[in-house]
Amino acid sequence: MQRLLIGIDRVSAWAGKTAGWAIVALTAVICYEVFARYMFRAPTSWAYDTSYMLYGLLFMVAGAYTLSRGGHVRADFLYRSLSPRGQAMIDLPLYLLFFIPGTAALIWFGWDFFYISFLQNEHSSVTPDGPLIWPFKFLIPLSGALMLLQGLAEIVRCVIALRTGHWPDKLADVEEMETQVLALAAAQKAAAAAADHAAREAAR
Amino acid sequence: MSDPILGMVMLGSFILIVLLGFPVAFTLMAMGVGFGYLSLEARVFDLLVQRTYAVMANDVLISVPLFVFMGYVIERANILDRLFHALQLASRNLPGALAVATLLTCALFATATGIVGAVVTLMGLLAYPAMLRAGYDARLASGITCAGGCLGILIPPSIMFILYGATAGVSVVKLYAAAFIPGFLLAGLYMVYTIGLATLRPSMAPKLPAHMATASGAQVVWALLTSFFPLAALIAAVLGAILAGLATPSEAAAMGSLGAILLALAYRALTFAKLKESVFLTARTTAMVCWLFIGAYVFTSVFGWLGGHHVIETWIVEHLNLSSLGFMILAQVVIFLLGWPLEWSEIVLIFVPIFLPLLDNFGIDPIFFGVLVGLNLQTSFMTPPVAMAAYYLKGVAPPQVRIQQIFAGCLPFVGIVILSMTLLYVFPHLALWLPDYLYGTAALPAGEPVDAIPEGGFRVDDLVPALPSFD
Amino acid sequence: APQVSRAQTMTWRFQSTWPQRDIFHEFAADFVSRVNTLGGGRLRLELLPAGAVVGAFQLLDAVSAGTLDGGHGVSAYWFGKNKAFSLFGTAPPWFGDANQYLGWFYYGGGEALYNELINDILKVNVVGFQTGPMPTQPLGWFKNPIERVEQLRGLKYRTVGLATDLFNELGAAVVALPGGEIVPALERGVIDGAEFNNPSSDRALGFPDVAKVYMLQSFHQRTETFEVLFNKTKFDALPAELKGVLRHSAEAASADMSWKQQDRYSRDLLEMTQNQGVRAITTPRPILEAQLRAWDAVVARLEGDTSSPAAGPFFKKVCDSQRAWCRRVQTFYLRYEAPSVLSFNHFFARG
Ligand code: NA
Ligand code: NA
């Protein structure tokens, strides 16, 4: 089971990280647009459509990756003080009740939204000769599916935490600075306490 | 149950349910879909999809990942300790030198990165123990670190005002211009308070140890040149380009990201591994913010569909019969209180939109309101029970520092925030002067009056007269 | 007393694509108030501003899906789905005025072509009425006067519908934004110049706060009308008399709007030029002529798009129908009407 869960983490992380590179493309496109405007007095029509598409790709596809890293913000001052079992007791019903319907709707109704656009061969309304818009709309059911998959993994993790009293391990990954610093500080404190203890033991 | 009552129940239950600690984005989405289903039935799912698409195609939010990316590149470039060291040297003759250096470092670094957690924890590791070793009062040191670390969401370019602008439909550029002076005013007041305290009660903030106070002028200049100025110049360029109208916020953020990459290269701090970390963290943070936006959009759409805004409007305008000042105080007190359990993002995305439609009724400028909200939200980081800054600091502080000491240390700074809000309310020009100065387009001298009948009558050719000159 | 059928009141959510403060939202409210009066308590529309449920550009999708029961906007907003959408509402400047366009729509075969587009080609689940004739739309708002055609080259400019292709042809970089987003975009510097629609809307949306040059006259949107949409499933389920209420309210609101605008548009232009430091300038004739030449190129290109029968061929079919109408009806009016310039000068411009 743990291998399956880590496997799902991998899928989400791979998709999210791949989409993450859109930020570099976005930076490049917009910098080019600025140069085009100031150096050649030739602003582009395509930069506008390209920009929001890259931005949309970036955050939609990275949603599941963020979920796998526990990165979606929680109002967690009570939650944090609970044991893993207590946390899982909150999470499990809410994943089933709050999370599944919304993400399933993103897949089901998002598919219709995309499919109509596909049948109409819809182009962007925002610029003349705008690019095709249905591939962009396809991101909605796609991200919904990624989210749902990761959500199912989190549900299984809740069940495991309820049974064992521990959260199962997740795929290791880059951490926020504060998480790194906090971990470092905790390790230092633990080391200091251990050294202190050892010194007192030695003195006795 | 009628729809408007349903809307009120929805809002009330959200406040309770969100405190269970389930991710806010999905809580919002679920409550929007759930309560929407009671009235809209299956059509609420189409609404969810359409609102999701609206966030995807939102051209204001494009600048969010770009600013986040710039922040992570700067954060990963390890410039914080250089910066702190240089500012410490430069402020060495001031009373409370360490405190001033800490506040300056926080303000500058927070403004560049906008990442509160990183600033507070890094400064908590670096400056906080230095202050404690120098004999600073633990409460004062805590307050300085927490208050300074939060300035990044207030001082432009900040992501909070992008979200506010996207929610309120007002110009982000004007918001930046309006927040500029109040942001620095708040940082200035923090500093005045600290210096004042260090002068009056030197025991709380003793002078620097002798070896630190003897750096030569050249050393100071060099330290500043290599750490403070490049970062300050980058921020000034980004902000200046936006305020001067040379670039849109997203263009400035993209150029800023490029600048941050070049800066990190110059410090030899940028490896491919670090770039990758920045990219991945950007993806996660952007997804966090934008999925929250989707949740909030769905929630407020359903709230609007159910007629919730109308109920609140009727209640506040007709039943309470508030004056403009009364409404302003009510709104700010509500936001202040919500800041205890909630974080700024939830407040900006869920509760601020409820007040926005009312601003017209009371003749309040949404830009001015936005700046007041921005100041107010500074407190949400420092007020228990959810005090992000305090918890981060507790996590890195030596074990003998108690969380109550940190809260006590934050208290005067919360007071300073409230003082600055009062100042802003009494002198609204603090916020409104700069946008007026920068963007108030001068009236043109009247040309031919549009109601004038041409000499001898209209002829078709007269309808296309030669262009009047402008000088 | 006679038993009046007062079964349950049906309440429909009806969203406009306009911000609350825009006079267009008021025109939407004028339509809604007619429906609510004539509906006799059986059908009630509840009007919401743009963004209340969905953004302006998502209205068609939302009404088609049934998220909204109906809405008030312009067809040009949907031209990403098919370029011909823009012909229904804001066609190339071959109509004498927008009422002539409405004449074509209701008596010249336009409605059938419109239904072919929405029902057969795009298969969107809506019913639509055209209503509300607008006068010529100004070239718009700029930091500096537009004196020469070349100034449009490289300019970042906002407009909608076929006018985006027109300005693209003239060398501008064009972005179509919904009404409520134009002024913030002008402020952020996303665009350098913009048109929305008319003195009252432009004034209410805050254009005079961010630009002071107002260029009057242009051929980019010589005529335009509103489009009122309803979810087709819901509409088809209505009894015949309520269907009539919706259609006749669109007709009545159309006439009312053509009267109300005379008062409001002229007043607001005066107000802006007299009290808000706005300089109204007539667009130089060479620019107007360049626009007409650019229209030739745009129409030829779109008519020649053979990528699918729904593209060029349908576009040409609609254009042919409009041109046939214009040739007959415009010729009639140009021959038939005594020139108003002559009588105006006689009464008001003597001495
Ligand atoms: Na708080
Ligand atoms: Na227009």
Side-chain angles (χ1 to χ4, degrees), chain A residues 16-17 19-21 23-24 26-27 30-31 33-34 48 51-52 55-56 58-60 62-63 65-67 69 71-80 87 90-91 94 97-99 101-102 105-106 108-110 112-113 126 136-137 139-140 173-174 176-178 181-182 184-186 189 193, chain B residues 18-27 29-30 33 45-46 48-50 52-53 56-59 61-62 65-66 69 75 115 117-118 120-122 124-125 247 250-251 254-255 257-258 277 279-288 290-292 341-343 345-346 385-386 392 395-396 399:
Chain A
K17 288 176 173 182
W21 288 102
I23 187 62
V24 177
L26 183 60
T27 305
I30 296 183
C31 287
E33 166 76 2
V34 173
Y48 189 89
S51 305
Y52 72 78
Y55 142 82
L58 170 69
F59 87 83
M60 284 301 282
Y65 170 43
T66 308
L67 182 64
R69 302 305 308 149
H72 288 288
V73 58
R74 303 167 178 256
D76 60 352
F77 68 94
L78 290 176
Y79 181 90
R80 215 172 345 161
Q87 294 181 340
I90 289 179
D91 276 352
L94 291 185
L97 197 68
F98 278 15
F99 183 86
L106 284 180
W108 190 260
F109 291 82
D112 288 349
F113 184 69
V126 184
F136 185 56
K137 290 188 169 178
L139 289 174
I140 297 178
D173 196 5
V174 52
E176 293 282 356
M177 184 64 81
E178 55 264 28
V181 175
L182 287 171
L184 180 69
K189 277 181 209 173
Chain B
V18 73
L19 296 180
L20 288 176
F22 196 64
V24 183
F26 308 119
T27 308
M29 199 188 280
V33 169
F45 299 119
D46 290 304
L48 167 69
V49 171
Q50 284 148 3
T52 304
Y53 185 71
M56 291 165 65
N58 188 313
D59 71 335
L61 296 178
I62 293 174
L66 291 161
F69 185 49
E75 179 206 88
I115 312 168
V120 173
T121 50
L122 287 172
L125 265 197
S250 35
E251 287 169 351
M255 298 298 281
S257 296
L258 186 63
E277 286 178 9
V279 167
F280 300 158
L281 288 170
T282 302
R284 269 151 54 178
T285 301
T286 308
M288 185 266 279
C290 295
W291 280 89
L292 190 62
L342 299 180
E343 280 184 34
S345 48
E346 295 120 58
V386 177
Y392 284 139
V396 295

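In the text below, chain A, chain B and the rest are named by the order of the sequence lines, each starting its count at 1.
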Could you check Asp173(A) against Arg284(B) for side-chain contact (heavy atoms from CB on, under 4.5 Å), going step by step and ending with a plain yes or no? CA-CA 12 Å; Asp173(A) 196 5; Arg284(B) 269 151 54 178; 3.3 Å; yes

For the student: nearest non-hydrogen atoms of Ala105(A) and Leu48(B), plus distance: CB-CD2, 3.8 Å

For chain A, which of Thr282(B), Val120(B), Thr52(B), Val24(B) has the most heavy-atom pairs under 4.5 Å? Val24(B)

Under 4.5 Å to a heavy atom of chain B? For Glu33(A) that would be side chain

Please identify each residue that fulfils salt bridge (Lys or Arg N to Asp or Glu O under 4.0 Å) with Glu346(B), with sequence neighbours left out. none

Dump the intermediate steps for side-chain contact (heavy atoms from CB on, under 4.5 Å) on Ser250(B) and Tyr55(A), then the final yes or no. CA-CA 11 Å; Ser250(B) 35; Tyr55(A) 142 82; over 6 Å; no

Please flag which part of Glu75(B) lies under 4.5 Å from any non-hydrogen atom of chain A: side chain, backbone, both or neither. both

State, with a plain yes or no, whether a side-chain heavy atom of Ile140(A) is found less than 4.5 Å away from one of Tyr53(B). yes

Who among Gly16(A), Ala193(A), Ala75(A), Ala186(A) has the most heavy-atom pairs with chain B under 4.5 Å? Ala75(A)

Selection from Thr286(B), Val33(B), Leu20(B), Thr285(B) maximising heavy-atom pairs under 4.5 Å formed with chain A: Leu20(B)

Locate the shortest heavy-atom distance separating Ala287(B) from Thr66(A); write the atom from each residue and the value. CB-OG1, 3.2 Å

Who wins among Leu97(A), Leu106(A), Val126(A), Leu78(A) for the most heavy-atom pairs under 4.5 Å with chain B? Leu106(A)

Are Trp21(A) and Phe280(B) packed together at the side-chain level, in the sense that at least one heavy-atom pair is separated by less than 4.5 angstrom? yes

So OG1 of Thr27(B) and NE2 of His72(A): to nearest 0.5 Å the spacing works out to 11.5 Å

Determine, stepwise, if the pair Phe22(B) / Asp91(A) fulfils side-chain contact (heavy atoms from CB on, under 4.5 Å). CA-CA 6 Å; Phe22(B) 196 64; Asp91(A) 276 352; 3.5 Å; yes

For the residue pair Arg74(A) and Gly21(B), what are the closest heavy atoms and their distance? NH1-O, 2.9 Å

Turns out that what part of Val73(A) lies under 4.5 Å from chain B's heavy atoms comes down to both

Taking only residues two or more places apart in sequence, or in another chain, which ones meet Ser257(B) in a side chain to side chain contact (heavy atoms under 4.5 Å, CB included)? Thr27(A), Phe69(B), Met70(B)

When you look at Met56(B) and Phe59(A), which way does the side-chain contact (heavy atoms from CB on, under 4.5 Å) test go after all the steps? CA-CA 8 Å; Met56(B) 291 165 65; Phe59(A) 87 83; 3.8 Å; yes

Of all heavy-atom pairs between Ala118(B) and Met177(A), which one has the smallest distance, and what is that distance? CB-CB, 3.9 Å

Side-chain contact test, heavy atoms from C-beta onward, threshold under 4.5 Å: evaluate it for Leu125(B) versus Leu184(A) and give yes or no. yes

Quick one: of Gly20(A), Ser51(A), Ala19(A), Cys31(A), who has the most non-hydrogen atom pairs under 4.5 Å with chain B? Cys31(A)

Using non-hydrogen atoms only, which part of Val18(B) is less than 4.5 Å away from chain A: side chain, backbone, both, or neither? both

For Ala283(B) against Ala62(A), the heavy-atom pair lying closest together: O-CB, 3.6 Å

Which atoms form the tightest heavy-atom contact between Gly110(A) and Val49(B), and what is the distance? N-CG2, 3.5 Å

So, taking the atom named CZ in Phe109(A) and the one named CG in Asp46(B), what distance separates them when rounded to the nearest 0.5 Å? 6.0 Å

Are Phe98(A) and Phe26(B) an aromatic pair by the rule of ring centers under 6.0 Å? no

Most heavy-atom pairs under 4.5 angstrom with chain A, which of Leu292(B), Asp59(B), Leu258(B)? Asp59(B)

Residue part contacting chain B, namely of Lys17(A), when any heavy atom lies under 4.5 Å: both

Pick from Met29(B), Met255(B), Glu251(B): which one has the most heavy-atom pairs with chain A under 4.5 Å? Glu251(B)

Picking from Leu139(A), Leu26(A), Asp112(A), which has the most non-hydrogen pairs under 4.5 angstrom with chain B? Leu26(A)

